[in-house]
Amino acid sequence: MTQPNTTNRLAYFALAATSLLWGTTWVAMKFGVSTLPPLELASIRQFIGGSLFLGFFLLKGEAIPRKKQLVQLFVLSIFTFVLANGLSTWSLQYISSGLAALIGALYPLCVVLIEHFYFKSKQLNLLSLVGIVLGIAGITVVFYENAFAKHPEGYLFGICLALIAMLSWSISTIMISRQTVKINPYFGMGWQMFFSSFMIFGLSFIPGGHIPLLDIPAVSWAVIAYLIGAGSIFAIIAFIYTMKHLHPGVAALYAYINPIVAIVIGSILLDEHISLQLIIGSLITLFGVYLVNRNLKKS
């Protein structure tokens with residue numbers, strides 16, 4: 001039997017692995033879109049990852065979901081993987097991995113605002129308001145610095161893609177919390193990835209620059225393998241372990257570490273610009289997100 005201290009150490013190791021691996025996937029995606037069209041990269045990743053999840057659970061004897069469940073999973077896949085993952089991957093063609101990760105971390109703020117103004121179900125108390133103001137202020141600091149810098153063509157388009165992706169993830173989060181699909185959530189995730197892969201593949205022809213499978217370079221396959229193995233499988237296993245053995249508030253720390261990892265690793269491996277203003281703005285934003293997330297957990 002595993003001793004409590006050993007279990008605790010393993011749980012913190014799993015938390016560190018989750019934070020590091022999910023942070024590096026932003027950098028890996030950024031590197032991947034330099035050698036492969038972004039939507040094609042996302043579609044191949046979701047197809048292989050989804051097939052692995054489905055194959056694992058089907059071999060274990062998991063029943064195929066009913067028609068109504070499959071429809072629910074299909075709709076969820078549009079927001080969770082087609083829009084959130086697909087567009088965030090596409091945004092990396094135009095913006096840095098650190099900035100994309102930071103925008104993605106804003107989703108708890110968006111969830112609270114949608115719940116309050118659309119569903120009228122969340123009250124904006126002082127803690128939430130402070131968190132939202134700090135989150136917006138931090139992003140303003142980051143964007144203010146970037147506003148006067150020279151950017152490559154498509155920078156604003158990339159920002160818009162990242163914001164739509166973050167909004168889609170927020171909507172997906174609300175849908176999952178309000179409409180439970182009564183199957184193993186990871187089996188359900190496999191179906192979502194599988195469905196989304198075909199939709200993203202179809203969309204990949206719209207932006208242009210589609211590469212035949214046989215012409216995809218080896219380095220792109222290496223990136224895809226890392227995204228699937230490290231991001232879609234190992235990090236999820238590590239995250240489940242942290243949720244089982246650590247307080248949820250501690251396990252959720254990965255969400256605040258991911259953007260910092262993406263910013264630091266991106267500056268080292270991809271020579272992405274990093275400045276004091278970027279660091280300060282990021283820390284302000286993440287502290288605001290932390291306050292909102294803390295209030296969500298309390299309520």
Side-chain angles (χ1 to χ4, degrees), residues 18 21-23 25-26 28-29 32 38-54 56-57 62 65-66 68-92 100-101 103-115 118-119 160-204 224 227-228 230-237 239-240 243 252 254-255 258-259 289 293 296:
T18 302
L21 291 176
W22 273 342
T25 55
W26 289 98
M29 287 190 295
L39 294 184
E40 187 174 7
L41 170 67
S43 68
I44 296 173
R45 175 189 180 184
Q46 303 310 342
F47 177 76
I48 298 175
S51 298
L52 290 174
F53 271 105
L54 292 182
F56 175 77
F57 284 105
E62 198 83 32
R66 298 188 302 273
K68 180 181 178 181
Q69 293 174 320
L70 288 174
V71 171
Q72 290 174 319
L73 291 169
F74 179 82
V75 174
L76 275 175
S77 72
I78 295 174
F79 291 96
T80 308
F81 288 103
V82 176
L83 295 176
N85 181 265
L87 295 188
S88 62
T89 304
W90 190 4
S91 74
L92 290 168
I103 293 174
L106 290 173
Y107 86 91
L109 279 63
C110 200
V111 167
V112 170
L113 292 173
I114 293 172
E115 290 275 15
Y118 187 79
F119 292 105
C160 291
L161 288 175
L163 288 171
I164 295 172
M166 182 272 294
L167 177 62
S168 300
W169 185 261
S170 305
I171 294 172
S172 172
T173 301
I174 295 171
M175 290 174 64
I176 290 171
S177 67
R178 290 177 171 272
Q179 185 180 21
T180 304
V181 183
K182 296 181 179 179
I183 64 172
N184 183 304
Y186 300 102
F187 187 42
M189 183 177 63
W191 282 104
Q192 290 182 61
M193 294 169 72
F194 187 73
F195 288 146
S196 69
S197 67
F198 294 98
M199 289 184 278
I200 297 173
F201 184 74
L203 292 172
S204 67
I224 292 170
L227 290 172
I228 294 170
S232 300
I233 297 177
F234 188 81
I236 287 179
I237 294 172
F239 178 64
I240 293 172
M243 290 298 292
Y254 82 91
N258 280 351
V289 173
N293 219 25
L296 279 176

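These numbers come from a predicted model, not from an experiment.
- For the atom pair CG of L161 and CD1 of I164, the computed distance is 6.0 Å after rounding to the nearest 0.5 Å.
- Atom CG of L227 sits about 4.5 Å away from atom CZ of R45, to the nearest 0.5 Å.
- Ring pair F187/F57 is tilted by interplanar angle, where 30° to 60° counts as tilted.
- Residues T89 and L39 are not in side-chain contact: their nearest non-hydrogen atoms beyond the backbone lie 4.5 Å or more apart.
- Every residue was checked against the side chain to side chain donor-acceptor pair (under 3.5 Å) condition with T18, not counting sequence neighbours, and none meets it.
- Counting only heavy atoms from C-beta outward, the side chains of W191 and F53 never approach each other to under 4.5 Å.
- Contact record, W22 with A235: NE1-CB, 3.4 Å, taken as the closest heavy-atom pair.
- Taking all atoms of both residues into account, the shortest heavy-atom contact from N258 to G23 is OD1-N, 3.5 Å.
- A 4.5 Å side-chain heavy-atom check between M193 and S197 finds every atom pair outside the cut-off.
- Proximity of L73 to I183: side-chain heavy atoms (C-beta onward) are separated by under 4.5 Å at one or more points.
- Taking both residues in full, the closest heavy atoms of A84 and S168 are given as N-CB, 3.9 Å, listed atom of the first, atom of the second, then distance.
- Counting heavy atoms from C-beta on, the side chains of Q72 and L76 never come closer than 4.5 Å.
- Atom OG1 of T25 and atom CE of M29 lie 5.0 Å apart (nearest 0.5 Å).
- In the displayed structure, W169 atom CH2 is contacted under 6.0 Å by at most 12 heavy atoms of other residues, nucleotides or ligands.
- Between E62 and F56 the shortest side-chain heavy-atom distance does not fall below 4.5 Å.
- In terms of the side chain to side chain donor-acceptor pair (under 3.5 Å) criterion, residue partners of N85 (sequence neighbours excluded) are, by chain and number, Q46.
- The side-chain heavy atoms of I44 and I48, taken from C-beta on, include a pair separated by under 4.5 Å.
- Taking CD1 from I200 and CD1 from I78, the interatomic distance works out to 11.0 Å, rounded to the nearest 0.5 Å.
- With rounding to the nearest 0.5 angstrom, the CD1 atom of I233 is 13.5 Å from the OH atom of Y186.
- Applying the side chain to side chain donor-acceptor pair (under 3.5 Å) criterion to S172, with sequence neighbours excluded, gives T80.
- At least one side-chain heavy atom of W26 sits under 4.5 Å from a side-chain heavy atom of S88.
- Distance check: S196 OG to F74 CZ gives 10.0 Å after rounding to the nearest 0.5 Å.
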